[in-house]
Amino acid sequence: MSFIKEYIRTVYRAVSSLLKGMKLTGYYFTHHKEIITQNYPENRDTLNLPERFRGEVVLTHNEDNEHRCTGCTACELACPNGTIKIITQFDVNEEGKKKKALNTFIYHLELCTMCNLCIVACPTDAIKMAQNFEHSVYDRSKLTKTLNAPGSKLMEGVE
Amino acid sequence: MLSIESITGSIQDFLFANLPGFFAVLVQFALVGIFVISLFAVLGLVLVFMERKVSAYMQIRVGPNRVGFKGTAQTLADTLKLVLKEGLTPIGADKFLFNLAPFVVMIGAMLLMAPIPFARNVQIWDVNIGVLYISAISSIAVIGILMAGWASNNKYSLLGAMRSGAQIVSYELSAGLSIIAIVILSGSLQLSEIIASQENGWWIFKGHVPALIAFVIFIIAVTAETNRAPFDMAEAESELTAGFHTEYSGMRFALFFLAEYVNIFIACAIGATLFLGGWLPFHIGSWTAFNHIMDYIPSSIWFMGKTFFLIFIIMWFRWTFPRLRIDQLLNLEWKYLLPISLINVLIMTIIAILGWHF
């Protein structure tokens, strides 16, 4: 008789697990406050994106127009599809020593897959992912961006 | 009181008073045809919209909400798009069968409309073997599906059609057996008499636990017979792109799509008629005041309410349950549903013979 017992137990387990699933979807069906999608163009001003949303790479500048990029090209090496190109220059400091520094941070948005590897690779936390996702333009060349602001320089104390 | 019964009655009186009998019947045929086709169109639009909204809310989304008032015109716009699209026939396809298949599926669904009682005394054809007619005609759909799969000359289509054949043939057994349980109780194959036998209580309440089991098995089996998820082996988007209608486009695809939803409606209407009392209002024993209030709701609303309740349950299944593999699908039928429904029919027969039901 044990196989009949097992048979009935299988049926019971299956039915109860299916009912558990139906309870959850029934809860979502009746509780509309749980809805996570948003009416995008209407709520453009109050858009509430998740913290980890990845829209584009930006180089952060502080109010004195200083960034934290040392031009080490770790992000360029980390990038799997050649999105980032860093042009460096050699600055001569007071002691007469040559030091590598950032000249231009070129970012090809049209190639970027928002994989976040460059942000992980950056040793000085110079770049981060911004939440802007409205990237459409009429000319592809506009998607190639220079991230460092004109006249910006390296923040004091960042090595 | 204005009811569908009085409207159809007055139309019949008007026709027979003004036309010779033969022409009056012809005009009635035409009217019924128009009624069925327009019911098809309306059902397609309403059910597709309902499905999209139900699925959206169950997946914590909003669903269609742009076209028309709160998205209600979305399905109309989709249909318009499908009508305007090119109906392509592949070069390698068997052209005649390829073009015939959607109509076979559609006509199968259309024929099933005939014995359904929509309201009190409103029935296109009160055939005395209504239940047999339904289970016979509902098997025609599989011919259309196999035809579509074979004629498409596409491996995915053929695989989907073969799976669908295996599935429908096996699930018809338990659907039939659960219908037989009710036929045993009511002692008639005529749908109007089955409803009349539920005057003092629906079979799902009067038939004790076996009726409940029969009802559950019926719902599972019709979900499988209409090829809906979790039993959508015929369509199997993830494996077979779209199964038997991979090669179909434009209006012929729309016909398959429409037939699927109309089949759901019909299956649920039959379920409501057999188990939930069709157009009969809900009565509780001797609560005369309550029963009187229930009587004031028109019978067509009772029928539609019950049918849409069952449709909602089937949609709930679709958007909750994981899909079955083809072997699991056949296991479920042959190892679980069929033995259970056979035993169920036996118990039901004993109950009916000994008169234990209310």
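For the numbers below, each heavy atom of this structure counts, side chains included, while hydrogens, waters and symmetry mates do not. Each chain gets a letter, A, B and so on, in the order its sequence line appears, and its residues count up from 1. Remember, it's a predicted structure, so these values are computed and weren't measured experimentally.
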Participant: Hey, could you give me the OG1/CD distance between A/Thr37 and B/Gln59, rounded to the nearest 0.5 Å?
Facilitator: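 That separation rounds to 10.5 Å.
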Participant: More than 12 foreign heavy atoms under 6.0 Å from NZ of B/Lys335: is that the case here?
Facilitator: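 At most 12 heavy atoms, drawn from other residues, nucleotides or ligands, come within 6.0 Å of this atom.
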Participant: Surrounding CZ of B/Phe69 (heavy atoms of other residues, nucleotides or ligands, distance under 6.0 Å), is the total greater than 12?
Facilitator: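 Not more than 12 within 6.0 Å, no.
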Participant: Do B/Trp319 and A/Thr25 have side-chain atoms, one donor and one acceptor, less than 3.5 Å apart?
Facilitator: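 Absent: no donor and acceptor within the cut-off.
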Participant: Using the ring of each side chain (for Trp, its six-membered ring), is A/Phe29 parallel, tilted or perpendicular to B/Tyr57, with breaks at 30° and 60°?
Facilitator: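 Rings of A/Phe29 and B/Tyr57: perpendicular, as their planes differ by over 60°.
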Participant: A/Thr10 versus chain B, heavy atoms under 4.5 Å apart: side chain, backbone, both or neither?
Facilitator: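 It is the side chain, since no backbone atom gets that close.
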Participant: With a 6.0 Å cut-off (strictly less than), is the heavy-atom count around CZ of B/Arg66, excluding the residue itself, greater than 12?
Facilitator: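 Correct, the count exceeds 12.
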Participant: If you compare all heavy atoms of B/Ile340 against all heavy atoms of A/Tyr7, which two are closest, and at what distance to 0.1 Å?
Facilitator: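 Taking every non-hydrogen atom into account, CG1-OH, 3.9 Å.
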Participant: Go through the atoms of B/Val216 and report whether side chain, backbone, both or neither lie under 4.5 Å from a heavy atom of chain A.
Facilitator: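 No part of it gets close to chain A.
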Participant: Out of curiosity, B/Arg61 CZ to A/His32 NE2, how far, rounded to the nearest 0.5 Å?
Facilitator: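 The CZ atom of B/Arg61 sits 12.5 Å away from the NE2 atom of A/His32.
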Participant: Do B/Ile60 and A/His31 have side chains that get closer than 4.5 Å, going by heavy atoms?
Facilitator: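 B/Ile60 vs A/His31: side chains apart.
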